[in-house]
Enquirer: 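Got a structure for you, written out below as structure tokens; questions coming shortly.
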Amino acid sequence: MNLLTLQNTLETHIIEALKVLSYYDDSINITIETPKDKSNGDLSTNVAMQYARVARKAPRKIAEELIEALDVSGLPIDHTDIAGPGFINFYLKDTALHNVIPTIIQKGETYGNLSLGKDTKVNIEFVSVNPTGALHIGHARGAAAGDSLARIMTKAGYDVTKEYYVNDGGNQIHTLAKSIEARYKQLFDIDADIPEDGYHGEDIITTAKAFKHKYGDTYLEKDGYELFKSFGVETLLDGLKVDLNRFDVSFDVWFHEKELYKNHDVESTVKLLKDKGYTYEEDGAVWLKTSEFNDEKDRVIIKSDGSYTYLTPDIAYHHNKIKRGFDQLIDILGGDHHGYIDRLQAAIEIVSGKKDILDVEILQMVKVIQDGEEVKMSKRSGKAITLRDLLDEVGKDPIRYFFAARSLNTQMDLDLDLAIRKTTENPVYYVQYASARIHSVFDQADKLDLSYDPKLDTFDALNNEKVNDVLALLAAYPETIEASAKSRSPHKVTTYIHKLATAFHSLYNSDKFITDDTKKTIEYLTLLKAIHIVLVDALTLIGVSAPEKM
RNA sequence: GCUCCCGUAGCUCAGUUGGAUAGAGCGCAACCCUCCGAAGGUUGAAGUCGCAUGUUCGAAUCAUGUCGGGAGCGCCA
């Protein structure tokens, strides 16, 4: 019996007992949790306190009655007691958690897979940076967050599509084309200024050189605007893909804004909005009544000059996603876009008639610290710390771990000097070391011709506190996945990984795995195998490798 | 001025559908390798959970106010 089923069974038994005592009230939710401090038992419930009002009795008194009425004879519970203001604590039998070991070994990397998101198609859109330069550190955070979340939700059973929206229809692309054109002309020593608000990054010069290499001087006289545009988008996008690839982030769909115009999605969406009666004309512009759906005011969707605002194709884009059959849309946006959420959600509700189909996760800013001072970043000036720099100087694993360790919605500092230092100050080495250590133990065992036994189901030698700590964590893996997926919080997996590594290192220092006692050795090796399976799987979820040697 | 996010140990951060003595890493102090990898372990010092009031058996968590940091308030994207 695993921990989740045990909790569920226990809950059923408690409800039965409450009914016997005629206290039962279905509006009170029964929660069974694992106490932070294990001296408070392996499982605990606060029902007695919750029922204090209903039963009109002291919580401890209710707890006593409840334990009397509770039948746990069929469960692997050693004893039960009452503590503090009225908590009921359950202490499991020593052997209760042993069977998690064969379960894990049998299921392998599918251990912890859930059917939480069964039949739910989810689209996660993230990064979606305009191809006007390299990815900087903030984008890296978005990439790590989106990719990790996608992996976790996939493990939880959702049908996940990772999508990147390429804004190749807007003003910034116009500026990009003009910037490349200027750099191109400069390559021929022609005096050309980069436009106001243009892009000054190194990659623009590289792109201009590539353009020159391919087309020579053809477009010095001839108008090459459209070509500068498409060549620029294509070249810069390829560059982004290279970096993302190195960061172990991939996308299932690259969606181009241009498609929305080509397919007349924008037109038909505008028509739909008009047909539904949520638009009106004022000052020569067309407005959408988003204020009727929780936005602070109405928004223009067609400007008085006839062109669209940024919002309009974006509504069409989300509409397009819904038409592709997604049940849930998740956008991961930078903190500077939070003012945009209300109007987008309002528009999506008008289009789809559904309220909660779009879930926007906001990623707060990353403050970069170097030499003890904040580094201000600006993409346009080209003075940004790029993902590429980070990959070159720090490496993929520490960066992904670092981002995955923070909750999305918190501002964070990144001390570059620290990150680059590659010392034990970076906890990623701590968890990777756990994996390397297990490998090393298996190497030693191999010399003695010993290995784990996948069929083993009794573990008589594994009965100390350190072992139980590890087993409890292994048993808690599925619920960690569930909590992480439900709350869209990849960092919960990272916290779990760290706990598991700590429990393992502690065990390693207190117990000797390989001894003359062959039976005991094999039991330990089998436990280590299970730890390793879970450790590697959890690390994979956040995009971090588990090296065999370091 | 209005809206959103954040404020927890010296530093970086967990913990918030209200629960037991508020946790981790780094840094600091002291111990542990004749023994499977010391990139490790054990122990310790370190906190008015920004502040105030309220809600109740119980508040870091909820409400109101307030102070500090960040972001957003376009017919920009």
Side-chain angles (χ1 to χ4, degrees), chain A residues 29 31 33 35-37 39-41 44-46 49-50 52-53 58-59 83-87 89 130 132 167 169-173 175 197 282-287 296-297 299-314 334-342 362-365 367 369 402 405-415 418 422-434 436-445 447-448 466 487 489 491-492 494-495 498-499 501-502 504-515 521 524-525 528 549-550:
Chain A
N29 223 344
T31 54
E33 55 176 18
K36 278 176 251 174
D37 185 344
S39 68
N40 288 320
S44 174
T45 179
N46 62 352
M49 280 127 79
Q50 289 179 303
R53 254 165 281 185
F87 288 98
N89 296 334
N130 291 1
T132 56
N167 285 120
N171 225 330
Q172 293 193 8
I173 300 302
T175 312
D197 293 336
E282 195 175 292
D283 302 330
V286 177
W287 298 69
E296 60 174 326
K297 59 182 186 180
R299 308 290 172 175
V300 169
I301 53 169
I302 302 175
K303 301 184 219 171
S304 50
D305 68 1
S307 63
Y308 298 122
T309 60
Y310 179 82
L311 178 64
T312 316
D314 211 18
D336 52 345
H337 287 84
H338 88 254
Y340 181 69
I341 301 172
D342 284 347
I362 285 295
L363 227 40
Q364 297 298 332
M365 298 287 157
K367 192 200 284 181
I369 312 285
F402 182 79
R406 264 68 171 171
S407 73
L408 304 185
N409 198 15
T410 185
Q411 290 156 233
M412 54 181 274
D413 287 7
L414 174 61
D415 187 331
L418 211 67
K422 286 195 189 178
T423 64
T424 55
E425 286 165 24
N426 196 325
V428 71
Y429 300 116
Y430 178 85
V431 298
Q432 290 186 321
Y433 184 49
R437 257 185 162 174
I438 293 173
H439 260 284
S440 180
V441 174
F442 275 104
D443 282 347
Q444 294 296 325
K447 288 176 191 163
L448 302 169
K466 302 270 187 198
S487 62
S489 306
H491 76 274
K492 288 185 178 173
T494 313
T495 306
H498 192 268
K499 275 191 201 162
T502 302
F504 165 73
H505 283 311
S506 183
L507 178 69
Y508 181 95
N509 274 274
S510 72
D511 293 11
K512 189 152 171 59
F513 306 141
I514 299 173
T515 60
T521 302
Y524 267 115
L525 289 174
L528 292 193
K549 291 195 188 326
M550 296 172 63

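Nothing here was measured: the structure is a model prediction, and the numbers come from that model.
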Enquirer: Can you tell me whether the side chain of A:Ser44 and the base of B:A20 have a donor-acceptor pair closer than 3.5 Å?
Expert: yes
Enquirer: Does B:C73 have a Watson-Crick or wobble mate here (both distances under 3.5 Å), and if so which one?
Expert: B:G1
Enquirer: Give a yes/no on whether any side-chain N or O of A:His505 is located under 4.0 angstrom from OP1 or OP2 of B:A38.
Expert: no
Enquirer: Counting C-beta onward and ignoring hydrogens, is there a side-chain heavy-atom pair between A:Arg437 and A:Val441 closer than 4.5 Å?
Expert: no
Enquirer: With respect to the phosphate group of B:C73, does any side-chain polar atom (N or O) of A:Lys297 fall under 4.0 Å of OP1 or OP2?
Expert: no
Enquirer: When syn is taken as a glycosidic angle within 90 degrees of 0, is B:C33 syn or anti?
Expert: syn
Enquirer: Taking only the side-chain nitrogens and oxygens of A:Ser506, find out if one of them lies under 4.0 Å from OP1 or OP2 of B:U42.
Expert: yes
Enquirer: Using the C1' atom as the point on both nucleotides, what is the distance between B:A14 and B:G47, in whole Å?
Expert: 15 Å
Enquirer: Does any N or O donor sit under 3.5 Å from an N or O acceptor when you compare the side chain of A:Asn509 with the base of B:G40?
Expert: yes
Enquirer: Let me know, please, whether A:Lys466 or A:His491 comes out on the 5' side of the other along RNA chain B by nearest nucleotide.
Expert: A:His491
Enquirer: Taking only side-chain nitrogens and oxygens of A:Tyr508, does any of them come within less than 4.0 Å of OP1 or OP2 of B:A38?
Expert: yes
Enquirer: Could you say whether A:Asp413 or A:Thr515 is positioned toward the 5' end of RNA chain B, judged by the nucleotide with the nearest heavy atom to each?
Expert: A:Asp413
Enquirer: Does A:Gln411 contact B:G69 through a side-chain donor or acceptor facing the base, at a distance under 3.5 Å?
Expert: yes
Enquirer: Checking contacts here: which listed nucleotide (B:C6, B:A14, B:A20) is nearest the side-chain heavy atoms of A:Thr495?
Expert: B:A14
Enquirer: Tell me what A:Asn46 touches on the nucleic acid: a base, only sugar-phosphate, or nothing, going by heavy atoms under 4.0 Å.
Expert: base
Enquirer: Answer yes or no: are there more than 12 heavy-atom neighbours, outside A:Lys303 itself, under 6.0 Å from its atom NZ?
Expert: yes
Enquirer: Side chain of A:Asn426, base of B:A39: donor and acceptor closer than 3.5 Å?
Expert: no
Enquirer: Taking only side-chain N and O atoms of A:Tyr430, does any of them lie within less than 4.0 angstrom of OP1 or OP2 on B:G41?
Expert: yes
Enquirer: At less than 3.5 Å, do the side-chain atoms of A:Thr309 and the base atoms of B:C75 form a donor-acceptor pair?
Expert: no
